[in-house]
Colleague: 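Here's a structure for you.
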Amino acid sequence: MKLTKIFSRIIVLTVCLLPGFLQQGCTRNNGDIGNWFGRWQITEILADGTPESGYRGEFFLDFQNDIIRGIQLAPNGYDRDTAECYGTWSQPSDDALVFDFSHHQDKPVRIYTPFPGLHFPDDGPFTLSVSESSGDRCTLRYVAPDGTGYTYKLHKR
């Protein structure tokens with residue numbers, strides 16, 4: 001009888017305290033980064049206003065702390081064929097994001113090289129302008145060195 005009472009109290013404490021412990025995890029290390037935290041799907045890519053032919057929404061951007069992870073889903077949807085790339089990001093102002101995928105030493109390393117379909121450079125920081133930003137949707141714009149303007153429509157997942 002006494003063992004049952006102790007066990008019941010342990011269960012009650014676990015149920016009451018577990019949500020708090022789970023929220024204290026590393027999902028938002030170094031503080032809250034605001035609305036950017038989490039996964040954003042790039043739903044559309046436009047080059048000089050024209051939709052990229054063949055783009056099917058396979059790119060995602062995950063924001064956590066100052067790290068950005070790019071994800072490219074495989075056409076067949078299998079995890080083993082899904083690719084990742086990593087960089088850093090910052091937001092110097094409300095209307096600008098700075099990405100940097102140049103974190104490698106002598107030669108580019110695949111996981112630090114952005115996917116070609118994103119048209120992001122891998123040789124240093126670059127700035128994207130932020131527009132039409134609302135809770136779970138935003139538009140980013142990047143002008144490549146060749147003058148091509150890329151527009152990225154994002155939706156938070």
Side-chain angles (χ1 to χ4, degrees), residues 13-52 54-75 77-79 81-105 108-157:
L13 282 172
T14 302
V15 169
C16 291
L17 296 176
L18 187 59
F21 286 126
L22 292 176
Q23 291 175 358
Q24 298 297 319
C26 66
T27 59
R28 291 186 184 227
N29 58 338
N30 291 340
D32 188 351
I33 61 171
N35 192 44
W36 289 112
F37 176 80
R39 177 166 291 175
W40 293 78
Q41 181 180 17
I42 300 175
T43 57
E44 187 176 13
I45 300 175
L46 298 103
D48 290 332
T50 303
E52 293 266 283
Y55 182 67
R56 60 191 197 319
E58 70 267 24
F59 294 124
F60 292 80
L61 298 174
D62 288 352
F63 293 82
Q64 182 174 342
N65 194 7
D66 65 344
I67 304 297
I68 187 165
R69 176 175 72 158
I71 300 169
Q72 182 177 18
L73 295 181
Y78 294 124
D79 283 344
D81 298 325
T82 297
E84 298 179 329
C85 65
Y86 293 87
T88 56
W89 73 280
S90 63
Q91 186 172 18
S93 68
D94 287 344
D95 60 351
L97 288 176
V98 176
F99 289 177
D100 186 355
F101 289 95
S102 66
H103 302 286
H104 47 76
Q105 295 192 355
V109 178
R110 186 177 156 312
I111 65 167
Y112 299 117
T113 304
F115 307 119
L118 290 176
H119 312 286
F120 293 162
D122 65 355
D123 59 353
F126 60 98
T127 301
L128 298 104
S129 60
V130 179
S131 64
E132 302 174 27
S133 182
S134 65
D136 65 347
R137 296 194 184 274
C138 77
T139 301
L140 302 177
R141 182 161 165 75
Y142 165 66
V143 179
D146 69 0
T148 304
Y150 293 99
T151 303
Y152 307 89
K153 304 276 183 168
L154 280 71
H155 182 238
K156 192 169 191 177
R157 297 296 174 192

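In what follows, residues are counted from 1 in the order of the sequence shown.
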Colleague: Do I68 and Y86 touch side chain to side chain, with heavy atoms closer than 4.5 Å?
Modeller: no

Colleague: Answer yes or no: is there a side-chain heavy-atom contact under 4.5 Å between V130 and D94?
Modeller: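 V130 vs D94: side chains apart.
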
Colleague: Where is the tightest heavy-atom contact between Y150 and E52, given as atom of each residue plus distance?
Modeller: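 Between these two residues, the closest heavy atoms are CE2-OE2, 4.3 Å.
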
Colleague: Any side-chain heavy-atom pair from I67 and T88 closer than 4.5 angstrom?
Modeller: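 A side-chain contact under 4.5 Å exists here.
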
Colleague: With sequence neighbours excluded, tell me which residues meet salt bridge (Lys or Arg N to Asp or Glu O under 4.0 Å) with D100.
Modeller: none

Colleague: Using the benzene-type ring in the case of Trp, are the ring centres of Y112 and H103 under 6.0 Å apart?
Modeller: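 No; H103 has its ring centre 6.0 Å or more from that of Y112.
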
Colleague: Got a second to check how far S133's OG is from L97's CG, nearest 0.5 Å?
Modeller: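 Here the rounded value is 9.0 Å.
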
Colleague: Do the non-hydrogen side-chain atoms of S129 and D95 ever get within less than 4.5 Å of each other?
Modeller: no

Colleague: Let me see the working for D122 and S102 under side-chain contact (heavy atoms from CB on, under 4.5 Å), right down to the final yes or no.
Modeller: CA-CA 5 Å; D122 65 355; S102 66; 5.8 Å; no

Colleague: Specify the closest pair of heavy atoms between Y142 and L128, including all atoms of both residues, with the distance to one decimal.
Modeller: CB-CD2, 3.9 Å

Colleague: Can you confirm whether P92 sits close enough to V98 that some side-chain heavy atom of one is under 4.5 Å from a side-chain heavy atom of the other?
Modeller: yes

Colleague: Using modelled atom types only, decide if a donor and an acceptor are shared between the side chain of Y152 and the backbone of L118 within a distance under 3.5 Å.
Modeller: yes

Colleague: Which value, rounded to the nearest 0.5 Å, describes the distance between E58 atom CD and L73 atom CG?
Modeller: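 E58 atom CD to L73 atom CG measures 7.5 Å (nearest 0.5 Å).
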
Colleague: CD1/I111 to CZ/R69 distance, rounded to the nearest 0.5 angstrom?
Modeller: 11.5 Å

Colleague: Give a yes or no on whether the ring-centroid distance for W40 and F60 is below 6.0 angstrom.
Modeller: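 Between F60 and W40, which both carry aromatic rings, the centre distance is not below 6.0 Å.
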
Colleague: In sequence, state the C-alpha distance, the side-chain angles, and the governing distance for D62 and I71, and then conclude on side-chain contact (heavy atoms from CB on, under 4.5 Å).
Modeller: CA-CA 8 Å; D62 288 352; I71 300 169; 3.4 Å; yes

Colleague: Considering only distance and modelled atom types, tabulate donor-acceptor pairs under 3.5 Å from the side chains of residues 41-51, sequence neighbours left out.
Modeller:
from : atom 1 : to   : atom 2 : distance (Å)
Q41  : OE1    : R157 : NE     : 2.9
Q41  : OE1    : R157 : NH2    : 2.6
Q41  : NE2    : G57  : O      : 2.8
T43  : OG1    : K153 : O      : 3.1
D48  : OD1    : G149 : N      : 2.8

Colleague: What I want to find out is whether K156 reaches D136 closely enough, with some N-O distance under 4.0 Å, to be called a salt bridge.
Modeller: no

Colleague: Looking at every non-hydrogen atom in both residues, tell me the closest pair between F101 and P121 and how far apart they are.
Modeller: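 Heavy atoms only, the tightest pair is CB-O, 4.1 Å.
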
Colleague: Can you label the angle between the F99 ring and the F120 ring as parallel, tilted or perpendicular, going by 30° and 60°?
Modeller: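 The arrangement is perpendicular - the two ring planes meet at more than 60°.
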
Colleague: In the structure I gave you, are the side-chain heavy atoms of L61 and L154 within less than 4.5 Å of one another anywhere?
Modeller: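 SC-SC contact between L61 and L154 confirmed.
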
Colleague: What's the shortest heavy-atom distance between C85 and P114, and which atoms?
Modeller: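 Closest pair (atom of C85, atom of P114, distance): SG-CA, 3.8 Å.
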
Colleague: Identify the heavy atoms of R141 and T151 that sit nearest to each other, and give their distance.
Modeller: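 Closest approach of R141 to T151, heavy atoms only: NH1-OG1, 3.5 Å.
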
Colleague: Determine the interplanar angle of the F63 and W36 rings, folded into 0 to 90°, and report it as parallel if under 30°, tilted if 30 to 60°, perpendicular if over 60°.
Modeller: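 The rings of F63 and W36 sit tilted, inter-plane angle from 30° to 60°.
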
